Amino acid sequence: MLIAQALLVSGLALALFMRELPGVVRELRIYRMTGGVRANRRYP
């Protein structure tokens with residue numbers, strides 16, 4: 001029973017991660033285009 005619950009929770013977490021992945025990749029690409037960590041000199 002415990003193994004089934006663990007599989008269910010990990011499956012739900014994996015599904016949520018896969019659904020959110022394209023948005024995270026897009027945000028990272030925008031962050032890199034704006035300069036990333038070094039941009040705080042440009043945008044105080």
Side-chain angles (χ1 to χ4, degrees):
M1 187 69 181
L2 195 60
I3 296 172
Q5 286 178 340
L7 285 174
L8 183 67
V9 168
S10 62
L12 285 173
L14 186 65
L16 183 67
F17 177 73
M18 292 304 286
R19 203 186 68 163
E20 295 293 328
L21 192 60
V24 171
V25 170
R26 188 176 62 237
E27 291 288 330
L28 281 173
R29 191 172 296 144
I30 292 171
Y31 180 69
R32 282 203 317 244
M33 281 194 307
T34 56
V37 179
R38 296 163 292 156
N40 56 6
R41 281 180 297 198
R42 231 178 304 159
Y43 310 111

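Since this is a predicted model, take the numbers as computed values, not measurements.
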Next on the checklist: Just checking Leu8: does its CG atom have more than 12 heavy atoms from other residues, nucleotides or ligands closer to it than 6.0 angstrom?
Outcome noted: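 Buried by this count: over 12 neighbours within 6.0 Å.
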Could you list the donor-acceptor pairs under 3.5 angstrom formed by side chains in residues 16-30, with sequence neighbours left out?
none

Checklist entry - When rounded to the nearest 0.5 angstrom, what is the spacing between CG in Leu7 and CG in Leu2? => result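 So the gap between those two atoms works out to 10.0 Å.
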